[in-house]
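Bear in mind the structure is a predicted one, so any value in this text is a computation, not a measurement.
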Amino acid sequence: MNPQEETPIYDALQRYIKNRIVSFDVPGHKQGKGHSALLEAFGEKCLSMDLNSSKPLDNLTHPTSIIRDAEALAAEAFGAGWAFLMVNGTTSAVQAMIFACCKRGEEVILPRNVHKSVINALVLCGAVPVYVNPGVNREFGISLGMSVKDVADAIENHPHAKAVFINHPTYYGICGDLRAMTDLAHQRGMKVLVDEAHGTHFYFGEGLPLSAMAAGADMASVSMHKTGGSLTQSSILLLKNKEDAGHLRQIINLTQTTSASYLLMASLDIARKNLVLHGKETFQRVKELSAYARHEINKMEGLRAFGPEIIDNDYVYDFDVTKLSIHTRNLGLAGIEVYDILRDEFGIQIEFGDIGNVLAIISVGDRELEVERLLGALSEICRRFRKKPINMLDHEYIDPLVVMSPQEAFYGQKRAVAMERSCGLVSGEFVMAYPPGIPILAPGERITEEIIDYIRYAKEKGCMLMGTKDRDMNIIETVEE
């Protein structure tokens, strides 16, 4: 039998249930027996597996049996030295990577269009960001990847930086030259950390961008729940060098829960098995569906589903063809407006809309029927909602003006100022649209008129803005310099 056909955690849960163990431990619902409403909502099978760590079920903080076996199988599946099951989402995996490499005052090289979890990690550990501005595609108004030259320059100018952090792919499916950047960093003794939240399929499909482990990266955080089929909040942290596993486990345990969900861990176990056994054909089908959708959308006047044609071997070294990114500005509609129309008028929920684009995630659970429904809705939007594209913002990335470290700003002495009167001050808070969760403004950055205009425009168009203490985002906390 192929070891990858095994699911150690799920199988142990079934044995535990079959043995009819009497529970005098947590959780208090006692496999649903003490909470009829919960049982009705989630079902007996689900609640029977919502168990506590015990000797037969191992412990995620210090695994020695079934969880360790599941991690070993995951490491083999992903081509890593070791793999850690993460139940606090990829956020905790991203933060563990940074905590493992960087201490207070030490530098990390990274693109500014990172997820908020990255900058949150800098707030917590006190590391100092060395931002590399990504390329920008002016036609679509989107940020791209980092160029090899810009990374090389950053390494040359900051030779004592501890790590280079790379998005691979971006939310839009864009990949830089990961192998070249990894080689550059390693030549100078720097670790390479990869946010591979949207790249699970790179390990199991064919004709897709290079994976982080194949490129030789030191660590990678992989959102199995995004494109790999596991339950929401479940993730995997990959480590290239198995000898470092003990130390990384200690770092993970600083922030990850001690009450790990067996539902999440079992879902990682089952999803990994499915990906190994059926990943090639699954993602081939996903590629075909995405290509078909892209082709049909590009026949619609006012929409543009961009793909591999934007590859320039610089800021866009490769493109994830499973991503269905659609530019909407020529319809006279912001992406967030199309996002809202799809949901409110057509009952279709897509991943996100920003000021110029929408993103539809096509993955293991999609069929032709759903894709056709999306295409029909987009065609109707072109017919019914199109207007002249005037007074529209044409970009979503603004170069940051960094004044102090995120930690210094976040914990510094602050005063509240009206957003409209904050130009020239230093932000002590985040401002971001979620999703995708990439900060428009991060603690320690100078507030400019361009940023204020962007926030005003995003609010007018209906973007879900968050990060400030003030829920309505009329007030922002600023830092005394």
Side-chain angles (χ1 to χ4, degrees), residues 1-19 21 23 25-27 31 45-97 99-100 200 203 213 219-225 228-277:
M1 179 180 175
N2 179 358
Q4 289 293 335
E5 295 182 28
E6 298 176 7
T7 48
I9 297 173
Y10 178 73
D11 293 345
L13 290 172
Q14 299 314 300
R15 289 193 298 271
Y16 191 96
I17 295 164
K18 187 176 179 181
N19 288 336
I21 304 295
S23 171
D25 60 352
V26 296
Q31 297 176 278
K45 189 168 182 64
C46 176
L47 292 188
S48 71
M49 291 188 288
D50 187 28
L51 297 166
N52 188 35
S53 296
S54 62
K55 197 165 186 178
L57 297 179
D58 208 356
N59 190 304
L60 183 60
T61 64
H62 188 79
T64 58
S65 58
I66 60 164
I67 295 176
R68 189 168 183 83
D69 292 343
E71 290 183 338
L73 288 170
E76 179 183 60
F78 283 87
W82 199 253
F84 300 85
L85 307 187
M86 307 295 293
V87 295
N88 286 23
T90 303
T91 289
S92 64
V94 163
Q95 293 175 348
M97 292 195 301
F99 297 161
T200 303
Y203 291 87
M213 289 296 103
M219 285 179 262
S221 53
V222 181
S223 286
M224 279 281 276
H225 68 93
S230 64
L231 293 180
T232 296
Q233 199 176 308
S234 60
S235 181
I236 287 182
L237 174 53
L238 302 175
L239 175 67
K240 192 68 175 177
N241 185 1
K242 186 178 179 179
E243 293 178 2
D244 297 332
H247 173 65
L248 186 53
R249 178 89 64 192
Q250 291 179 320
I251 298 295
I252 291 168
N253 286 343
L254 291 174
T255 55
Q256 181 155 255
T257 178
T258 55
S259 302
S261 167
Y262 279 87
L263 293 172
L264 297 184
M265 290 190 287
S267 81
L268 286 168
D269 216 10
I270 294 166
R272 181 265 313 152
K273 172 185 173 180
N274 185 61
L275 289 169
V276 172
L277 299 182

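- Note that CD of Q233 is 11.0 Å distant from OG of S223, once rounded to the nearest 0.5 Å.
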Begin from the C-alpha positions of M213 and M219 and carry the test side chain to side chain contact (heavy atoms under 4.5 Å, CB included) through to its verdict.
CA-CA 8 Å; M213 289 296 103; M219 285 179 262; 5.7 Å; no
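- What you find for L51 and L13 is that their closest heavy atoms are CD1-CD2, 3.7 Å.
- P63 is listed as a side-chain neighbour of E71, based on a closest heavy-atom distance under 4.5 Å.
- For S65, the side-chain hydrogen bond (donor to acceptor under 3.5 Å, both in side chains) test picks out D58, with sequence neighbours left out.
- By the 4.5 Å heavy-atom criterion applied to side chains, Y262 and D50 are not counted as neighbours.
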Derivation and outcome, side chain to side chain contact (heavy atoms under 4.5 Å, CB included), residues Q14 and M49
CA-CA 8 Å; Q14 299 314 300; M49 291 188 288; 3.2 Å; yes
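- In terms of heavy atoms, A100 sits closest to I251 at N-CG2, 3.9 Å.
- Crowding of E5 atom CD: a count of heavy atoms from other residues, nucleotides or ligands under 6.0 Å exceeding 12.
- Separating the CD1 atom in I9 from the CG atom in D69 is a distance of 9.0 Å, to the nearest 0.5 Å.
- Smallest separation of non-hydrogen atoms from L231 and L263: CD1-O, 3.7 Å.
- P3 has its side chain within reach of L73: a pair of non-hydrogen atoms, C-beta onward, lies under 4.5 Å apart.
- Residues H62 and T64 form a side-chain contact, since some pair of their non-hydrogen atoms from C-beta on lies under 4.5 Å apart.
- Side-chain atoms of N274 never come within 3.5 Å of backbone atoms of I270 as a donor-acceptor pair (strictly under, hydrogens ignored).
- If you take CG on L238 and CH2 on W82, they are separated by 12.0 Å, rounding to the nearest 0.5 Å.
- Without hydrogens or angle criteria, S53 side chain to N59 main chain gives no donor-acceptor distance under 3.5 Å.
- Using a 4.5 Å cut-off on side-chain heavy atoms (C-beta onward), Y203 and L275 make no contact.
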Is there a side chain to side chain contact (heavy atoms under 4.5 Å, CB included) between T90 and V222? Walk through the geometry before answering.
CA-CA 7 Å; T90 303; V222 181; over 6 Å; no
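- Closest non-hydrogen pair, A83 versus A74, comes out as CB-CB, 3.8 Å.
- Contact of the I236 side chain with the F84 side chain is not registered, since no non-hydrogen atoms from C-beta on lie closer than 4.5 Å.
- The heavy-atom pair separating T200 from G228 by the smallest distance is CG2-CA, 3.9 Å.
- The residues R272 and E6 are annotated as not salt-bridged, no charged nitrogen and carboxylate oxygen being separated by less than 4.0 angstrom.
- Contact check for S92 versus M86: side-chain heavy atoms found under the 4.5 Å cut-off.
- In this structure, Y16 and S54 have side chains that are in contact, with non-hydrogen atoms separated by less than 4.5 Å.
- Distance check, rounded to the nearest 0.5 Å: CG of L237 to CD of Q256 gives 9.5 Å.
- Atom CD1 of I252 and atom NE2 of H247 lie 10.5 Å apart (nearest 0.5 Å).
- To the nearest 0.5 angstrom, S234 atom OG is 11.0 Å from D269 atom CG.
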Chi angles and distances behind the side chain to side chain contact (heavy atoms under 4.5 Å, CB included) call for I66, D11:
CA-CA 9 Å; I66 60 164; D11 293 345; over 6 Å; no
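- Between S221 and A93, the shortest heavy-atom distance links the atoms CB-CB, 3.5 Å.
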